[in-house]
Amino acid sequence: MEDQAALLAALRLQIEWGADEALAEAPLGLAVRAPTPAPVVAPMPAAAPAIARPVPPAAQEAAAMAAAVPDLPALRQAIQDFAGSSLRDTATKLVFSDGDPGAPIMLVGEAPGADEDRQGKPFVGASGQLLDRMLASIGLARGPQVYISNILPWRPPGNRTPTDAEMLLFLPFIRRHIQLAAPQLVVLLGGTSAKTLLGAKDGITRLRGKWHQVKLDETQVILALATLHPAYLLRTPAAKRDAWHDWLLLHRHMNQG
Ligand code: URA
């Protein structure tokens, strides 16, 4: 029964993505469910050398505020109150999350766009619609199964690409967000999210389709899968083939055992 569900999920994804040819060179063998091995986790990048690099006051403040909050409502308020970034002044609404905290899967994107800024919810525009279709294809939906947030809670003006400094400034908040939402694993959507949370130098082409570990604090790490950003898939349909493999990896992981 489960095998049949997996086959149907695969088929639905291919149809939804407009596939008109085989997506993999070799059969994926979904019909016979072989035991899924424990994910092979890519080694964490070496810790940055302990050279005393001055931490800007705003980053210190973000880290202190994030560490102090006991729960998600307090985290949301802390982000709302944090005055260390001018993004707050130009954005319309704080974009905190969608879905249920405590869901086994947490998706982490980059930054809200115009639609998200208007509605105060992550991934509600065109890339969000593709994301929902991809999730549905493997039997998932935002809600009890999937919780979603972004590294940046504010839309960068004019949808410009966030700077590295902005991503690093908000890193303590998203780390704490993951800790408090307590998923089983996180899916990092796109290169900016993956590089920021993994502290990696590699681009998404190298990071995607592999299991990693995201460091949440000095003692805690969480399993993470990196994949291509839906906005990139909208611009580059040929890359959907790679994304399909990534989502299948997630599907297999969630259905193992
Ligand atoms: N892109 C993102 O990374 N996040 C959103 O919420 C919307 C688009």
Side-chain angles (χ1 to χ4, degrees), residues 17 72 75-76 79-80 82 85 87-88 90-101 103 105-136 140-143 145-178 181 183 185-200 203-205 207-209 212 214 224-237 239-240 242-243 246-247 250:
W17 288 10
L72 289 170
L75 177 66
R76 186 191 177 104
I79 294 174
Q80 182 74 58
F82 177 60
S85 164
L87 292 177
R88 190 181 67 161
T90 48
T92 311
K93 281 196 180 150
L94 171 69
V95 177
F96 187 68
S97 68
D98 195 17
D100 299 358
I105 301 169
M106 178 168 177
L107 310 185
V108 182
E110 177 183 313
D115 296 311
E116 290 77 20
D117 183 56
R118 257 191 305 274
Q119 295 188 37
K121 256 195 206 183
F123 284 100
V124 291
S127 53
Q129 285 158 23
L130 175 59
L131 181 64
D132 285 342
R133 289 204 302 278
M134 293 194 289
L135 287 171
L140 295 173
R142 41 181 114 194
Q145 298 161 309
V146 178
Y147 183 64
I148 310 184
S149 188
N150 283 305
I151 295 188
L152 289 190
W154 304 110
R155 177 197 186 206
N159 280 4
R160 68 161 168 75
T161 307
T163 64
D164 288 351
E166 284 165 345
M167 299 303 279
L168 289 175
L169 186 57
F170 283 93
L171 183 56
F173 290 117
I174 191 66
R175 279 189 171 142
R176 187 76 182 126
H177 199 155
I178 297 170
L185 58 87
V186 290
V187 178
L188 308 174
L189 299 172
T192 312
S193 168
K195 281 162 85 167
T196 307
L197 274 161
L198 297 174
I204 189 66
T205 320
L207 297 173
R208 61 148 285 274
H212 303 269
V214 165
L225 178 67
T227 188
L228 301 166
H229 195 286
Y232 174 74
L233 297 177
L234 287 174
R235 294 191 303 271
T236 321
K240 286 177 178 172
D242 286 338
D246 302 344
W247 290 103
L250 177 68

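Below, all heavy atoms of this structure are taken into account, side chains as well, without hydrogens, waters or symmetry copies. Every number for a ligand or one of its atoms is a count from 1 in the order of the listing.
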Open item on the list: Only heavy atoms of Gly109, strictly under 4.0 Å: list the atoms of ligand 1 that pass.
Closed with: 3 (O)
Task: Validation row, ring centre His177 to ring centre Phe170 under 6.0 Å - done: no
- [ ] Keeping the roles fixed (side chain from Thr236, backbone from Leu233), state whether a donor-acceptor pair exists under 3.5 Å.
- [x] no
TODO: Measure the distances from the heavy atoms of Gly125 to every atom of ligand 1 and state whether one is below 4.0 angstrom.
DONE: no
Task: ligand 1 contact on Ser193 by region, counting heavy-atom pairs under 4.0 Å - done: neither
Task: Crowding at CG, Asp164 (>12 non-hydrogen neighbours, <6.0 Å) - done: no
Task: Shortest protein heavy-atom distance from atom 2 (C) of ligand 1, along with the residue and atom involved - done: Ala111 O, 3.1 Å
Open item on the list: Is Lys121 close enough to touch ligand 1? Criterion: a residue heavy atom under 4.0 Å from a ligand atom.
Closed with: no
Open item on the list: Can you confirm, on distance only, whether ligand 1 has an N/O atom lying under 3.5 Å from any N/O atom belonging to Gly113?
Closed with: no
TODO: For Pro122, counting its heavy atoms only, list the atoms of ligand 1 lying under 4.0 Å from any of them.
DONE: 6 (O)
- [ ] State the OG1-CD distance between Thr196 and Glu110, to the nearest 0.5 angstrom.
- [x] 8.0 Å
Open item on the list: Among all the protein's non-hydrogen atoms, which is closest to atom 4 (N) of ligand 1, and how far away is it?
Closed with: Asn150 OD1, 2.8 Å
Task: Atoms of ligand 1, numbered as shown, that sit under 4.0 Å from any heavy atom of His229 - done: 1 (N), 2 (C), 3 (O)
Open item on the list: Between Arg155 and Ala111 (side chain of the first, backbone of the second, donor and acceptor by atom type, cut-off under 3.5 Å), is there such a pair?
Closed with: no
Task: His212 (side chain) donor-acceptor with Ala226 (main chain) under 3.5 angstrom - done: no
Task: Where ligand 1 meets Glu110 - atom numbers and elements under 4.0 angstrom, heavy-atom basis - done: 2 (C), 3 (O)
Task: Criterion side-chain contact (heavy atoms from CB on, under 4.5 Å) against Phe123, the qualifying member of Asn150, Asp132, Leu130 - done: Asn150
- [ ] Could you list the atoms of ligand 1 found under 4.0 angstrom from a heavy atom of Ser127?
- [x] 8 (C)
Open item on the list: Can a donor-acceptor pair be found, under 3.5 Å and without considering hydrogens, that links the side chain of Gln129 to the backbone of Ala126?
Closed with: no
